[in-house]
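Letters A, B, ... mirror the listed sequences (proteins, then strands); counts begin at 1.
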Amino acid sequence: MTTSGQATYFDGVTSARHDVTVTLGASALQIHASDGHMLAEWPYAELEPIASPQGLLRVGRIDNPVLARLDVRDSTLAAAIDDLSVPIDRSGRTERRGRRKVVFWSLAATVSLLLVAIFGVPEIAGRLTPLVPYAAEVRLGAAVDAQVRSMLDKSGAGPRFVCGSGEVEQAGRAAFDKMFAKLEQAAGQPIPLRVLVVRSEDANAVTLPGGTIYVFHGLIDKAENADEVAGVIAHELGHVAHRDGTRTVLQHGAMSLLFGLLLGDFVGGGAVIIAAKTILQTSYSRDVETSADAYAVDLMKALGADPRALGTILTRVAGSSHSPLKLLLDHPETKERVDAINARSGAGSAEPILTPSEWTDVRRICSESKG
Amino acid sequence: MSTFDAAVPAAQPSLAARFRLPTGPIQFLGFDKDYWQLWIRGSALLALTLGIYRFWLTTDTRRFLWSNTEMLGEPLEYTGTARELLIGFLIAVAILIPFYALIFLLALTQGLIGQLAGVIGFALATVLGHYAVFRARRYRLTRTVYRGVRFHQTGSAWYYAIMAVLWWTVVILTLGLAYPIALSRLERFKMRNTWLGNLQGRFEGSAAGLFIRGLFMWLVVVGPLIASLVAFVLALDTALLRELISTNDDDALSRLIEAHPSVAFASAFGIGALIWAALAGMLLYPVFQAMVLRWWASGLRFGDMAASSTLRTGEVYGTYLRYIGWSMVFSTIASFVLILLGAAGAASLWATGVLDKEWFSSVGEIATAILGVIIYVAFALGYAAIYQVKVRLGLWRAVANSAGLSNPATLGTISSVGAPASPVGEGLADALNVGGF
């Protein structure tokens, strides 16, 4: 067994090199200068391994505020120090054990985070939503409105983006308002509602927090009668009644905080967050849509209008939509929704919500679109 | 008793000879193999832990780079720990949550403040980002030890942040012409506040020198863009301008172009110039980077020591070419594996009859999305690992091995000063996504 050897020592006070002799004692190693004078004595238990290139063992002293270093290039001396000192472990076993703990607990944290995101966040957002005052919801809606308007109004039509102001359009607006008044009265919401028909080709409608509903004129083009449009608006009123917009904002906020801030970002992290949100939101929205459908059926029945009309227009719109990812997957989903709507509608006769001439007017509500 | 030997110590020549290393005062001794291992394992763990492992990976990376870089035969040392980075990040989160909440509240306010919330948030984040960069530099320097002596950094991070924002604004406004002066001013401030023990650093790279060397490249890349702008302005007379302002729909512009062929020419010229700038910029980037790195390394001073650099442009091109080559090999192999796995998966789904099941439509949608994320992350991490080994390590090695040092004897006469600094800056930089080593 080697008991001594040559090494280089830095005392941590100056950057001067000291060529030293290291003597391995019973419980400590001693560092002697070339004149025999002892520079330091380090107990084996207090040695700290320090990262160094291959062929060099670099040792410091644990918790020493002075950065004294011993560089050993003599491989037999290095092996002897490794044997004598517990903290020095060139096989890396201690290091690996520590690492495994980090990996394990990180995985545990990941799993619990995902569970909270999937089950906790919707639950919390659901409980919090009824507690949000309507005044706050209206204010939130106003802030979101400007953003949404600029996103929808792609051609920059400005105030002309909203239909119903033109001379030919006014009769349509009146008929549309009559229909909406019936729906609003039957819905009996605590906040004033606002509905706008806008010049957008999509067959869709959007509800914002605070009771603003955008109906795209593409939907009116696709509809074959007023009850179909009324059914879709009733569905949107379901979102208003259930305060789905506010809940979505709460969910989005909580999710951004969970994933974005706590995890920061790494390569591809942003994409993970977006995809995770999308996945979770499609599964929320499925339940949300189903309950809005149920609300719409009840509302249409209360008005004596045709509750099945919503299902009819849903089927027609889904048949012509071209979302690339959902192309294959959308159909069974729509079919389930329509089946549920029809089951809830039951049998019974219905009275059209508008007269045929009123419906003709409604179809012309955006007739000045390219003027 | 304290002997200083400017020549490499006894065991060193054989080591250097064994690896056929350059014989400069600074040498990088690390192997690609070890760095690959670090990054392949690290990438897998990053993905599994949703990124939490990054504190450990960053620490490992720095430890590898520092401890394999030798100056006069003595390796540098990185004493930072992953635990410190984690704590720094948590502190940064505690600081940033109220900041984000404030911006969110501002965005909900009606009126001008609400509309400007995004701009205000961006401006604050930019200043905070530069602040974080300077604080993070302080952390890294105080964790860098050479011959038992610590580096440290003085100077106000807020002062640096404001100076950096102002200089970068000037750079953008001058289309990059002010880049040399901005870079030299910022580097001067950083180096003046950098200390190795009691030895103060400084930066002597001349802005004019960099400007003259870079001017030709700037003219090649940005020149056509400016010429096209000038052509556009010349083509516009006042009457035309009034016409352009008074009409604001899409057709008006095309009608205008038809009526005035000079505008059409200027627009086509502009588009061509943009494409040219992107292409030339990409091709010339390694030349630019080599030039800036050489200029930067040659401007570094510590006391009476002066660094120099003989970094060759070809070496920088080489690192990028190797990166592109490796990336193409990786893409080919990974795509091939993906197709095989996809075919096997589809076949097994079909064989077991799962496809016809009612529940498959909803489960399938989620599974597809999750699979998509996994594939995306695998590719992104693969490219990142190749970038690390080929570009980052390649450049580090090239810069280290091409460096020269005058008066190296000074390195043996430094006294210890300075204490380790807090990792908050690193945390902020991490949370705000402003990088650095």
Using non-hydrogen atoms and a 4.5 Å limit, figure out which bit of [X] sits close to chain A: side chain, backbone, both or neither.
X      : answer
B:N198 : neither
B:R83  : neither
B:T69  : neither
B:S415 : both
B:L76  : backbone

**Prompt:** So do the side chains of B:W56 and B:L45 get within less than 4.5 Å of each other, counting heavy atoms only?
**Reply:**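 They are not in contact (no side-chain heavy atoms under 4.5 Å apart), so the answer is no.
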
**Request:** Could you tell me whether the side chain of A:Y9 reaches within less than 4.5 Å of the side chain of A:R69, counting heavy atoms only?
**Result:**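 The answer is no, as the side chains (C-beta and beyond) never meet within the 4.5 Å cut-off.
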
Does any heavy atom of chain B fall under 4.5 Å from the side chain of [X], the backbone, both, or neither of them?
X      : answer
A:A108 : neither
A:V102 : side chain
A:A51  : both

**Residues A:R17, A:D11: salt bridge by 4.0 Å N-O rule** =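 Not counted as a salt bridge, because no side-chain N and carboxylate O are separated by less than 4.0 Å.
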
**Charged N-O contact under 4.0 Å between B:D60 and B:R54** =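 No, B:D60 and B:R54 are not salt-bridged.
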
**Request:** Quick one: list whatever passes side-chain contact (heavy atoms from CB on, under 4.5 Å) with A:Q30, sequence neighbours left out.
**Result:**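 side-chain contact (heavy atoms from CB on, under 4.5 Å) list for A:Q30, sorted by chain: A:T23, A:H32, A:M38, A:E41.
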
**Request:** Just say parallel, tilted or perpendicular for the rings of B:F302 and B:F151, cut-offs at 30° and 60°.
**Result:**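 Perpendicular, since the angle between the ring planes exceeds 60°.
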
